[in-house]
Amino acid sequence: MKKFFINIRYFIVPVLCSVTILGLIVGGPFVWTGAVLFLVGITIDTLVIKFHTKGAGVDENGKSYGIKELQNLVMYFMLPVFIILQVALAWRVYQYTNGADFGLVTLFGWLPVQTGITGLELYGATLSAGAFAGLGIIYGHELSHTKDIGWPISRLMMGLSGAAHFCYAHVYNHHLELAHENDPATSPRGRSLYKHFWLSHMGQSKFSYDLEREKLEKQGKSFFSLDNKWITGYIISLPTIILFVWAGGIVGVACMFFLWTVSNFELEALNYMEHFGLVREKDKPIEHRHSWDNDTAFTSWFFIEIGRQCDHHVRGETHFWELEDVGGPNPGWGYFTGFTLALVPPLWHALIKKKLDHWDNTFANDAEREIATKINKQASYA
Amino acid sequence: MFENVLNFFIKKDKHFVANVVNANKTLKVRRGEKLLTAALENGIKWPHYCRVGSCGTCRCKLLEGKIRPLTDFGYVLGAEQLKEGYILACQSILKSEIKVELNFKQKRIRRTKI
Ligand code: FES
């Protein structure tokens with residue numbers, strides 16, 4: 001029974017994402033469900049800030065309590081769930097642009113559905129869908145490491161948000177270069193989340209572009225080839241673009257870009273919090289100290305242990321349920337709380353500066369401390 | 001009950017043997033397990049760095065047997081190395097017993113642009 005409960009606690013997002021879809025279908029004020037659930041997440045994560053966890057744990061034989069087949073199945077299952085989320089939003093866009101009559105119909109004989117949608121409700125629907133589409137990251141990320149069948153599923157999931165390049169940039173760049181200026185996903189000290197969002201997104205896409213160019217050159221193939229994963233990454237996003245153009249023309253495209261902005265903002269916010277301001281000498285081994293762990297109970301379960309970054313970056317092949325607490329740097333807050341702080345840059349910098357001071361004095365080696373001292377001056381952290 | 005239902009779908013444990021010929025070391029690799037993971041679990045000091053298939057530190061030459069690559073090795077290994085049968089241990093699942101040759105002192109492979 002213990003094993004059962006340990007496994008189902010990682011199903012918060014699948015359940016809440018389904019509830020968000022239901023909200024989009026039911027319509028009226030319920031289109032705000034996803035956005036409200038996100039705010040509830042911020043509240044819970046902040047309230048339980050003192051409760052930290054140590055991962056799924058192991059049984060008396062040293063075997064992880066996590067059930068690989070079950071967890072993988074749920075992650076694969078999230079692909080159609082995220083597709084349905086987009087289709088539900090596109091349906092609402094279609095209703096808005098076609099001026100559907102306001103009224104109440106009953107679906108399947110039991111589900112009351114409000115037809116028609118106001119402009120404000122369409123905004124709420126897009127925000128809700130974006131908030132949960134962004135959570136596709138946690139599955140896209142995990143599956144990009146699982147490889148095999150997980151890899152194309154990961155690409156498709158990220159492609160739903162126009163970010164299929166993430167898979168290659170994450171594995172071939174971020175996992176080699178993190179906590180160094182060669183990694184666009186690592187934010188240096190002094191940078192705001194808003195600036196990082198843009199620089200990290202474009203930097204990773206550029207990396208993926210260069211990676212493919214070099215690969216194809218080596219293979220003597222044209223850049224404009226279906227073997228170019230940077231190009232095919234964007235082709236994967238075409239069905240989404242076509243869906244929203246069909247559903248609402250210009251309004252549809254605007255909603256899609258808003259959806260993508262919200263979901264990619266969440267992706268880059270995670271990158272921002274995972275390694276903010278940490279320093280590593282070029283080519284020196286990646287150690288636990290080069291990532292921040294975020295392991296409040298709610299963050300760990302909601303984000304399927306993605307916050308256990310210190311272990312993840314040293315044992316990149318390890319499934320999320322096998323990741324452990326390794327005593328690495330930890331700001332003490334969860335992702336929802338950290339995200340809220342990062343939305344207000346002066347507040348974020350004031351708080352993270354103290355955490356980085358501690359990192360410089362406790363975790364950094366001499367060479368890293370020297371680099372950090374220089375950067376602190378440039379970033380006005382000193 | 002819950003576990004019984006799951007166990008019904010999960011195949012029984014099975015393994016293949018990997019032989020590092022130049023070091024005269026033999027190890028058991030579980031079905032679906034990566035070669036590098038098994039080697040490290042068996043206490044073999046197999047060179048590695050990223051463990052996600054991007055640095056090439058764990059490469060070895062496949063002399064006999066079959067593996068299933070989890071990634072396109074072409075992003076990391078050169079055309080010559082691929083032709084010679086080099087594989088990335090951290091991204092290789094065994095499909096049969098294998099024999100490999102490993103340079104325990106090798107370093108990471110660098111992309112030219114970084
Ligand atoms: S350890 Fe980096 S490619 Fe295998």
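Quick note on labels: first sequence line is chain A, next is B, and so on, each numbered from 1. Computed over heavy atoms, backbone and side chain alike; hydrogens, waters and symmetry mates excluded.
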Requested in this report: Pull out the residues in residues 47-64 of chain B that come under 4.5 Å of chain A, heavy atom to heavy atom, sorted by number.
Outcome: Tyr49(B), Cys50(B), Arg51(B), Val52(B), Gly53(B), Ser54(B), Cys55(B)
Query raised in the report: Could you go step by step and tell me if Arg315(A) and Glu41(B) meet the salt bridge (Lys or Arg N to Asp or Glu O under 4.0 Å) rule?
Result: CA-CA 12 Å; Arg315(A) 298 190 299 147; Glu41(B) 270 174 17; over 6 Å; no
Query raised in the report: Under a 4.5 Å heavy-atom cutoff, which of Asp72(B), Thr71(B), Leu40(B) has the most pairs with chain A?
Result: Thr71(B)
How about [atom1] on [X], more than 12 heavy atoms from neighbouring residues, nucleotides or ligands closer than 6.0 Å, or not?
X: Phe77(A); atom1: CZ; value: no
X: Lys218(A); atom1: NZ; value: yes
X: Asp59(A); atom1: CG; value: yes

**Report entry** Best-contacting candidate, Thr318(A), Asp283(A), Val314(A), Ile286(A), against chain B by heavy atom pairs under 4.5 angstrom
**Finding:** Asp283(A)
Query raised in the report: Is Lys68(A) paired with Glu33(B) through a side-chain N to carboxylate O contact shorter than 4.0 Å?
Result: no
Query raised in the report: Given side chains that start at C-beta, do those of Tyr75(B) and Lys229(A) come closer than 4.5 Å, heavy atoms only?
Result: yes
Query raised in the report: Can you find a pair of side-chain heavy atoms, one from Arg68(B) and one from Asp148(A), that are under 4.5 Å apart?
Result: yes
Query raised in the report: Rounded to the nearest 0.5 Å, how far does CG of Leu70(B) lie from CD of Glu317(A)?
Result: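 Rounded to the nearest 0.5 Å, the CD-CG separation comes out at 11.0 Å.
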